[in-house]
Amino acid sequence: MAEMTTSDSGSHKKGGKKVRSKKMSTRVDLTAMVDLGFLLITFFMLATTMNKPKTMEVNKPAKEDIDKKDEQPIKMSKTATLMLGARNKVYAYVSPDAIEAGTEISLDSLDYSPTGLRKFIQRRQKEVQEQWGDKDQLFVMIKPLPGSNVKNIVDVLDEMTINDVKRYAILEPNDPIDSLIALRTGQSRK
Amino acid sequence: MPKVKIPRKSTSVDMTAMCDVAFLLLTFFILTTKFRPSEAVTIDIPASTAQIPIPDKDIMMFQIAPDGRMFFGLDDQNTRLKLLDRLSTQYQLAFSEDQKKAFRLLETWGMDIRSLPEFLDMEPEKRAGFNQPGLNIDTTGGQHQVEDLILFSRQENNNLRIAIKGDKTTEYRHFDKLIQALQNRKVNKFNLITSAKTAQE
């Protein structure tokens, strides 16, 4: 305020000594601005989520395809069935081509670790390789029981990718063998 | 001998360039940041070795909570509005402009479609704290609410991809209901959302 009045009085004086305003440097101290800038950068860097979630594509056979049964049924000896149960259990079996009275099916109770499920799939791939000369002939049927959870399905689908299983499908556990296994292992089917 | 005088240099550095860089980076981060949308429920997604990143747009997302509650979300606000129009004719619900505006900003929701107007009338703060009961997937009485959502959304946007975000511990029976609904609408291809697994072979 005081400065205002002095400059005012100066302008009134005509013909007096010209009042030269002091030349000010145009430089501004930018330190504070840079500080602020980097602070905000830090905030946005930390707030950005860098790892985007990934997706896993699932293809289900169309319902009409299931209904029409004119296709050649796949040989059971090329298959492996995985039943996903509650409490992180997988029940794996191979059904024989033809079921007779004396047929016995060996049932493996596995977990999702590399030594469990992965071993089974690799063993089965080797068997199919020996029998049919091509391990890609293996067809894995994934049958989740109601008690299994989403993580189990993701894990199984992951194993398919890891072991390079070309053919697999998520199916309903509606085979008589499935019912029997569910009953024997105490897994609910509803 | 004359004394060699070292001229005193100013310690202040020109900050202009540094400031430029700082704000350039700041602009970059502001523009690329996409804040995580508010979610109706926290979902802990399972990890997998899948490498495909989730697409940026045209996503129809279903979320399934561990207790089986299901939530629905579209990423595009215009598609959301179109969907609401379709729902209002299908379910004979009249939505006011305010309700439409609220729905347009709704990232995910899960409730019976017929209780939507009531939900949209709530104050935003109250709405955020409201415990949503989940979509009505029950098909008794010939109603197909989830199927309708799938059908209408896809009719409004042909390129929609369907993503399912299920919690690790969601039981398959909840998951199966959704898959049945999708397959009833002839959707046989969908994406499961997973997080990247840290390498352990």
T194(B) and K54(A): CA distance, side-chain angles, deciding distance, side chain to side chain contact (heavy atoms under 4.5 Å, CB included) verdict: CA-CA 5 Å; T194(B) 59; K54(A) 308 278 185 225; 4.1 Å; yes
Worked check of side chain to side chain contact (heavy atoms under 4.5 Å, CB included) between I170(A) and Y172(B): CA-CA 12 Å; I170(A) 301 177; Y172(B) 182 73; 4.0 Å; yes
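Within the 4.5 Å cutoff, no side-chain heavy atoms of F29(B) are placed close to those of L46(A). Put simply, the side chain of V34(A) reaches to within 4.5 Å of the side chain of M15(B), judged on heavy atoms. Side-chain contact check for P46(B) versus V150(A): some heavy-atom pair is nearer than 4.5 Å.
Heavy atoms of L84(A) lying under 4.5 Å from chain B are absent altogether. I179(B) touches chain A through its side chain: at least one heavy atom from C-beta onward sits under 4.5 Å away, while N, CA, C and O do not. Neither the backbone nor the side chain of I64(B) comes within contact range of chain A, judged by heavy atoms closer than 4.5 Å. In this structure, chain B has a heavy atom under 4.5 Å from the side chain of I153(A), while its backbone stays farther away. Both the backbone and the side chain of F190(B) come within contact range of chain A, with heavy atoms under 4.5 Å apart.
Note: I30(B) leads D14(B), D167(B), I30(B), D176(B) in heavy-atom pairs under 4.5 Å with chain A. Of all the listed residues (A86(A), S148(A), G37(A)), the one sharing the greatest number of non-hydrogen pairs under 4.5 Å with chain B is S148(A).
Heavy atoms only, all atoms of each residue included: S48(B) and V154(A) are closest at CB-CG1, 3.6 Å. In terms of heavy-atom proximity, N191(B) sits nearest to E57(A) at OD1-OE2, 3.4 Å.
Separating the CG atom in N152(A) from the NZ atom in K168(B) is a distance of 11.5 Å, to the nearest 0.5 Å. A distance of 13.0 Å separates CE of M33(A) from CE of M18(B), quoted to the nearest 0.5 Å. A distance of 6.5 Å separates CG in L25(B) from CZ in F38(A), rounded to the nearest 0.5 Å. Atom OG1 in T27(B) sits 8.5 Å away from atom CD1 in I41(A) (nearest 0.5 Å). Once rounded to the nearest 0.5 Å, the distance linking CD1 of I193(B) with OG1 of T55(A) reads 7.5 Å. For the atom pair F28(B) CZ and M45(A) CE, the distance stands at 10.0 Å (nearest 0.5 Å).
For N59(A) (side chain) and K189(B) (main-chain N/O), no donor-acceptor pair under 3.5 Å exists by modelled atom type.
Qualifying salt bridge (charged side-chain N to carboxylate O under 4.0 Å, His left out) partners for D121(B), counting only residues two or more places apart in sequence or in other chains: none. Partners of D155(A) under the salt bridge (charged side-chain N to carboxylate O under 4.0 Å, His left out) rule, at least two apart in sequence or in another chain, are K151(A).
Side-chain atoms of T169(B) and N149(A) include no donor-acceptor pair closer than 3.5 Å.
Within 6.0 Å of CD on Q155(B) lie more than 12 heavy atoms contributed by other residues, nucleotides or ligands. The environment of CZ in R124(A) is crowded: more than 12 heavy-atom neighbours from other residues, nucleotides or ligands sit within 6.0 Å.
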